[in-house]
Amino acid sequence: MNAEAHPSPLLFNWQPPRPRKRSIFLFLCASLLLHAFCFYLFQIVYSPAVALLPPPARVNLITADSEEGRNLLRWVDAEDPALAAATQRPPESRQRLLPKVQHIPSYVLQGPRLRGVPPIVVDTRGPSVSPPGPVPGPRRLTPPPLGRISTRFSFSDELTAIGAPESQATQFIASNNETPQAIRFRVAVASSGLVRYCFPLNSSGDTSLDEQARQYLVLTRFRPDAAAQPPADAADIWGTAILDWGNDLTRPTAASPSPSP
């Protein structure tokens, strides 16, 4: 019975919250009154400081209207330092009068150069037959001009054992005027004498010459001897081909400058 008469309080308060609109309205009114009081205090009671402007500048002019002014102007003219330091000509002198300058001859400042006295004892000896002079050096001999050196291929012993190489005559055309380097090729020749593979091992410095040399080797044929004819199914023979460049290359000519209009 006692437990039902005095119920235990709940853990949470489930009552609806009270409206607080009245408190917010009171705070707004108090803030408005406080702002009005501060405005009255700082704008009306304590008036803002007024900045005082400096007095206007005054200029006093000295004129010749009064006796005091005329005396002051005379004193300024008399005590002018520019007039005291300047050289004033007399009024009767001419303005463009040339100054009197004394003529000074040139031989007074710099004397003439006199020739030396000849020696008393005269040398009557004749000239020497071998006067001193530069020592003649050995004469440089100009080397004779080189003849025409043709470009040639040299093959290793493995390839020359097949037969004599035969190729068509061709003219190699260079793309620049630099001296090319010798090229080495790795070549594979079939039993019939045809070149199956051709790989460059280095470059001559001119890609155009490299390609022309490779085409030249590809078109080369080796004629095997009839007595030592290898079978048709024989393996390819690998060897080395070296191309030595001569002076028979066709060089590019320098383009002539176009005439100006």
Does either side chain, that of S156 or that of E158, offer a donor lying less than 3.5 Å from an acceptor on the other one?
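E158 and S156 do have a side-chain donor-acceptor pair below 3.5 Å.
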Can you sort out the partners of [X] under side-chain hydrogen bond (donor to acceptor under 3.5 Å, both in side chains), two or more places apart, ordered by chain and number?
{"X": "R251", "result": "none"}
{"X": "D248", "result": "T151"}
{"X": "D244", "result": "none"}
{"X": "S204", "result": "D210"}

What closest approach, in Å, do [X] and [Y] show between heavy atoms, and which atom pair accounts for it?
{"X": "C198", "Y": "R214", "value": "SG-CG, 3.8 Å"}
{"X": "D236", "Y": "A190", "value": "OD1-CA, 3.6 Å"}
{"X": "G163", "Y": "F222", "value": "O-CD2, 3.6 Å"}

With R74 via salt bridge (charged side-chain N to carboxylate O under 4.0 Å, His left out) - residues at least two apart
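Listed in chain order: nothing, the list is empty.
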So, using salt bridge (charged side-chain N to carboxylate O under 4.0 Å, His left out) as the criterion, who are the partners of R113 when residues are at least two apart?
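Checked R113 against salt bridge (charged side-chain N to carboxylate O under 4.0 Å, His left out); zero matches.
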Would you please name every residue forming a side chain to side chain contact (heavy atoms under 4.5 Å, CB included) with [X], sequence neighbours left out?
{"X": "P200", "result": "F185"}
{"X": "C38", "result": "L34, F42"}
{"X": "Q168", "result": "none"}
{"X": "R58", "result": "none"}

When you look at CD of E68, are more than 12 heavy atoms from neighbouring residues, nucleotides or ligands closer to it than 6.0 Å?
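No, the 6.0 Å shell around CD holds no more than 12 heavy atoms from other groups.
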Taking V218 as the starting point, is it possible to reach I237 by hopping between hydrophobic residues whose side chains are less than 4.5 Å apart?
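Looking at the clustering, V218 is in a separate group from I237.
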Would the distance check show the side chain of Q212 and the main-chain N or O of I173 forming a donor-acceptor pair, the cut-off being under 3.5 Å?
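A pair under 3.5 Å: yes.
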T160 (side chain) donor-acceptor with D157 (main chain) under 3.5 angstrom:
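Side chain of T160 to backbone of D157, a donor-acceptor pair under 3.5 Å: yes, one is there.
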Report yes if the side chains of [X] and [Y] come closer than 4.5 Å at any heavy-atom pair, otherwise no.
{"X": "L209", "Y": "W245", "result": "yes"}
{"X": "R221", "Y": "L194", "result": "yes"}
{"X": "V189", "Y": "R196", "result": "no"}
{"X": "Y216", "Y": "L243", "result": "no"}

Between side-chain atoms of residues 175-184 and protein atoms elsewhere (two or more places apart, or another chain), which donor-acceptor pairs fall under 3.5 Å?
residue : atom : partner : partner atom : Å
S175    : OG   : D206    : OD1          : 2.7
S175    : OG   : D206    : OD2          : 2.9
N176    : OD1  : E178    : N            : 3.4

From OG1 (T220) to CD (E166), nearest 0.5 Å:
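Spacing of OG1 (T220) from CD (E166) equals 10.0 Å.
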Each residue besides V76 in its hydrophobic cluster should be listed here, by chain and number; the cluster joins Ile, Leu, Val, Met, Phe, Trp and Tyr at side-chain heavy-atom distances under 4.5 Å.
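I62, L72, L73, W75, all in the cluster of V76.
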